[in-house]
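Structure first, commentary second.
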Amino acid sequence: MPRFAANLSMMYTEYPFPARFAAAAADGFEAVEYLFPYAYDPAELRRLLDEHGLRQVLFNAPPGDWDAGERGTAALPGREAETRAGIERALEYAAALDCPRVHVMAGLLPSGAARETYLGNLAWAAERAGAAGVDLLIEPINHRDMPGYFLNRQAEAHAVVRELGADNIKVQLDLYHCQITEGDLTTTLRRDLPSGRVGHLQIAGVPDRQEPDAGELNIGHLLDAIDELDFRGWVGCEYRPRAGTSEGLGWLRDYRGAHA
């Protein structure tokens, strides 16, 4: 059965961030992900993970000035030094949290493409991360939620991974973003999971990014497809609950019950 990680940036927001670890563990999650750890000392995050028997499976490298609207710097010419310093900082946190994956956000481009900058930064980062035993993830993001984001389609991300040829650069396949941008999710899973280039999955309902059983996706069918393909990574629950997080986990309880 797929392994699920709670996204603590979107789930359990009825609690202060440090209390979300306990809430996720109480609901049966064994792993967590979130956007950024940098507001907290890594030792405090490590304590929370250990106290509640949780694994940290993903977080993002520093994205630039998030509050000002930036969404990564890896593809932005002239920001190479900042990008690489951010990778070093992320790897320090990954070591402290025993986190095997870091998502590197490309950034927003007003026009054109800075592919060479992107490839150069990722190649540099892959070497540093490889020495630390960390996978770097790149994620296509839909233009409705994040207009102007550099990477949008699965084929673009897989082309980058193939071109770089580094074993520790993989695709973060978010089925929410993929459905909005290109659809055909079952075929995408069947095509891309066996390639070994997908390092992490994420789910949410479409179109409103609420519980994954809300909206147009047949989440049971998609999870069964993931199971049949023997995906060994984690499935991040990156959605905004309609009301209380625990109250909205009926989809997960039902799925687990049907596959017990």
Sequence neighbours left out, what pairs pass side-chain hydrogen bond (donor to acceptor under 3.5 Å, both in side chains) with at least one residue falling in residues 51-60? Tyr34-Gln56, Arg47-Glu51, Asn60-His103

Taking the basic N atoms (NZ, or NE/NH1/NH2) and the acidic carboxylate oxygens, is any pair closer than 4.0 Å for Arg79 and Glu82? yes

Following the transitive rule for hydrophobic clusters with a side-chain heavy-atom cut-off under 4.5 Å over Ile, Leu, Val, Met, Phe, Trp and Tyr, establish whether Val134 and Leu137 coincide in one cluster. no

Is Glu247 paired with Arg242 through a side-chain N to carboxylate O contact shorter than 4.0 Å? no

For Arg256 and Asp27, which heavy atoms make the closest approach, and how far apart are they? NH1-O, 3.8 Å

On a heavy-atom basis, the closest approach of Leu164 and Ala123 is CD2-CB, 4.0 Å

Can you tell if the side chain of Thr73 reaches within under 4.5 Å of the side chain of Asn121, non-hydrogen atoms only? no

If you count heavy atoms of other groups shown closer than 6.0 angstrom to CG of Asp50, is the number above 12? yes

Would a 4.5 Å heavy-atom cut-off, applied to side chains only, mark Leu173 and Leu189 as touching? yes

Any side-chain heavy atom of Glu30 within less than 4.5 Å of one from Arg3? no

Arg232 atom CZ, over 12 foreign heavy atoms within 6.0 Å: no

Check for me, please, whether Leu217 and Met10 land in the same ILVMFWY cluster - side-chain distances under 4.5 Å, paths through other members count. no

How about Cys178 and Gln154: do any of their side-chain heavy atoms sit closer than 4.5 Å? yes

same_hphob_cluster(Val32, Phe59) at 4.5 Å side-chain heavy-atom cutoff: yes

Flag the pair Thr83 / Trp124 as yes when at least one side-chain heavy-atom distance between them is below 4.5 Å, and no otherwise. no

Test item: Arg197 and Arg162 side chains (from C-beta on) under 4.5 Å apart, heavy atoms: yes

Among residues at least two apart in sequence or on other chains, which ones pass salt bridge (charged side-chain N to carboxylate O under 4.0 Å, His left out) with Arg71? none

Are the aromatic ring centres of Tyr38 and Tyr93 under 6.0 angstrom apart? yes

Derivation and outcome, side chain to side chain donor-acceptor pair (under 3.5 Å), residues His177 and Asp145: CA-CA 9 Å; His177 291 304; Asp145 285 1; 4.6 Å; no

Is it the case that one hydrophobic cluster holds both Trp234 and Val198, taking links as side-chain heavy atoms less than 4.5 Å apart, direct or via other members? no

Compare all side-chain heavy atoms of Leu58 with those of Gln202 and state whether any distance is below 4.5 angstrom. yes

I want to check something: taking the side chain as every heavy atom from C-beta on, are Asn142 and Tyr176 in contact at a cut-off of under 4.5 Å? yes

Within a reach of under 6.0 Å around OH of Tyr15, are more than 12 heavy atoms found that belong to other residues, nucleotides or ligands? no

